[in-house]
Amino acid sequence: MVSALAGGSTLRAAELLTNGNFESGDTGFTSAYTDDTTSQTLDDAQEYMISTSNGFPSYSSLGDHTTGSGEMMALNGSTDANVTMWEEDVNVAPGSSYTFSGYVALTTYYAPVVRLNINGVDVGTFTPTNTNDWENFSFNWSSASATTAKLILIDDNLDYSGNDFALDDLSFTGPAPTTAVPLPASFYAGLLGLAAMAVSRNSKRLLKPLTA
C-alpha cells in the first residue's frame, strides 16, 4: 500500500487508457491511418475503422474480443514503414512498472507484426499466428524518470495484400499519479497556534527564577 503526506501525492494501480476496448467508438486515441469508420470499408492500405465488423467478411467472420458483438479496431495495414496505427499519451508515475497488453486477430493472411513503442523506444513486437482468432500480447515497461508515456502501436508488415487484422481490449496498467486533496488553511493555522503555545511555555520555563 502507498500512503500520502498532506498536500503531497498518492499512487494507485489503475487502467490508464481512455477507450482501450473501443466501446466508446472512434475516440480516445489518434492514428496516422485514414479513418474509414463512417464509410465502414477498408478497401485500401493504411486505413482503419471502429466497427462490430472486421471489415473483411469475404475472408473471415470475427466478433470483437470484449463481448463478441461490440466494437473493435479493424485495420488494413500500411505499406509504409513506421506509420502509427494507434496512439495515446498518458501520465505516469516516475520509477514505476507498467504493463501494456491487448488482443490482435489476423483476419485474412500475411499477419501483422505489432510493435509497441513508448517515448520513442521500441518495447517489443508480436505476430499472431491463427486466422480468425484473438491472440493476447503483453509487454512490461518501466517509467524510470518519465512522467508521461507516448504509447504507439505500429505494424511492421508492409505487404499490400492480406495484411488485414483487428485490435481490441488494449490496456495499460500501473500506478497513476493523483494529487491528494489539499488540507484547509485552518489546519495549518492550528499547527502554527500549537507551535506558538509550545514556544511560550518553554520561554516561561527558562525565565522562571531558580530557588534555593
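Note that these values count all heavy atoms, side chains included, but never hydrogens, waters or copies made by symmetry.
A donor-acceptor pair under 3.5 Å is formed between the side chain of Asn76 and the backbone N or O of Asp44. Side-chain atoms of Glu23 come within 3.5 Å of backbone atoms of Glu71 as a donor-acceptor pair (strictly under, hydrogens ignored). A donor-acceptor distance shorter than 3.5 angstrom exists from the side chain of Asn157 to the backbone of Asp159, with no hydrogens or angles considered. A donor-acceptor contact shorter than 3.5 Å is absent between the side chain of Thr107 and the backbone of Asn132. The backbone N or O of Gly70 lies less than 3.5 Å from a partner atom in the side chain of Thr67, making a donor-acceptor pair. Asn19 places a side-chain N or O within 3.5 Å of a backbone atom of Gly25 that can act as its donor or acceptor partner. Between the side chain of Thr27 and the backbone N or O of Ser24 there is no donor-acceptor pair closer than 3.5 Å.
Of the inter-residue distances, the one linking Asn21 atom CG with Thr66 atom OG1 reads 4.5 Å to the nearest 0.5 angstrom. Separation of atoms OG1 (Thr37) and OH (Tyr48) is listed at 5.0 Å; rounding is to 0.5 Å. We find the CD1-CG distance between Ile154 and Asn117 to be 5.5 Å, quoted to the nearest 0.5 Å. Atom CG of Leu42 and atom CG of Leu75 lie 7.5 Å apart (nearest 0.5 Å). Here the CG atom belonging to Asn119 is positioned 9.5 Å from the OG atom belonging to Ser143, to the nearest 0.5 angstrom. The distance from atom CG of Asp133 to atom CG of Leu62, rounded to the nearest 0.5 Å, is 8.0 Å.
Side-chain contact between Val121 and Val123 is absent, with no heavy-atom pair separated by less than 4.5 Å. Residues Trp134 and Val104 are not in side-chain contact: their nearest non-hydrogen atoms beyond the backbone lie 4.5 Å or more apart. Side-chain contact check for Leu17 versus Leu151: some heavy-atom pair is nearer than 4.5 Å. Looking only at side-chain heavy atoms (C-beta outward), Met72 and His65 stay at 4.5 Å or farther from each other. Considering only heavy atoms from C-beta on, Ile152 stays 4.5 Å or farther from Met85 through its side chain. Counting heavy atoms from C-beta outward, Ser145 and Pro94 have side chains that stay 4.5 Å or more apart. Contact of the Thr148 side chain with the Val92 side chain is not registered, since no non-hydrogen atoms from C-beta on lie closer than 4.5 Å. Using a 4.5 Å heavy-atom cutoff, the side chains of Phe126 and Glu135 are in contact.
If you check the side chains of Gln46 and Thr34, you find no donor sitting under 3.5 Å from an acceptor. For the residue pair Ser171 / Thr173, no side-chain donor-acceptor distance below 3.5 Å is found, with atom types taken as modelled.
Using bins of under 30°, 30° to 60° and over 60° for the plane-to-plane angle, the ring pair Trp141/Tyr98 lands in the tilted bin. Using a 30° and 60° split on the angle between ring planes, Trp86 and Phe29 fall in the parallel class, below 30°.
Leu106 approaches Pro112 most closely through the heavy-atom pair CD1-CD, 4.1 Å. Of all heavy-atom pairs spanning Ala45 and Gly77, the tightest one is CB-O, 3.4 Å. Taking both residues in full, the closest heavy atoms of Gln40 and Ile50 are given as NE2-O, 3.3 Å, listed atom of the first, atom of the second, then distance. When every heavy atom of Glu88 is checked against every heavy atom of Leu16, the shortest pair comes out as OE2-O, 3.9 Å. Smallest separation of non-hydrogen atoms from Ser138 and Thr99: OG-CG2, 3.4 Å. For the pair Thr127 and Ala111, the tightest heavy-atom approach, listed with the atom from each and the gap, is CG2-CB, 3.8 Å.
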For side chain to side chain donor-acceptor pair (under 3.5 Å), just list the numbers for Ser51 and Ser53, CA-CA rounded to whole Å, side-chain angles, deciding distance to a tenth of an Å, and then say yes or no. CA-CA 5 Å; Ser51 175; Ser53 166; 4.7 Å; no
For side-chain contact (heavy atoms from CB on, under 4.5 Å), just list the numbers for Asp26 and Asp35, CA-CA rounded to whole Å, side-chain angles, deciding distance to a tenth of an Å, and then say yes or no. CA-CA 9 Å; Asp26 189 17; Asp35 182 3; 2.3 Å; yes
Ser78/Tyr33 under side-chain contact (heavy atoms from CB on, under 4.5 Å): CA gap, chis, key distance, verdict: CA-CA 8 Å; Ser78 176; Tyr33 280 36; 3.6 Å; yes
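Tyr103 pairs in a side chain to side chain contact (heavy atoms under 4.5 Å, CB included) with only one of the listed residues (Asn136, Leu170, Leu167), which is Asn136. Shown are Thr125, Asp155, Asp122; of these, the side chain to side chain donor-acceptor pair (under 3.5 Å) with Arg115 is made only by Asp122.
Hydrophobic clustering keeps Val113 apart from Leu158 (ILVMFWY residues linked when any side-chain heavy atoms are closer than 4.5 Å, directly or through intermediates).
Around the OH atom of Tyr110, the shell of radius 6.0 Å holds no more than 12 heavy atoms that belong to other residues, nucleotides or ligands.
Residues satisfying the side-chain hydrogen bond (donor to acceptor under 3.5 Å, both in side chains) criterion with Asn91, sequence neighbours excluded, are absent altogether.
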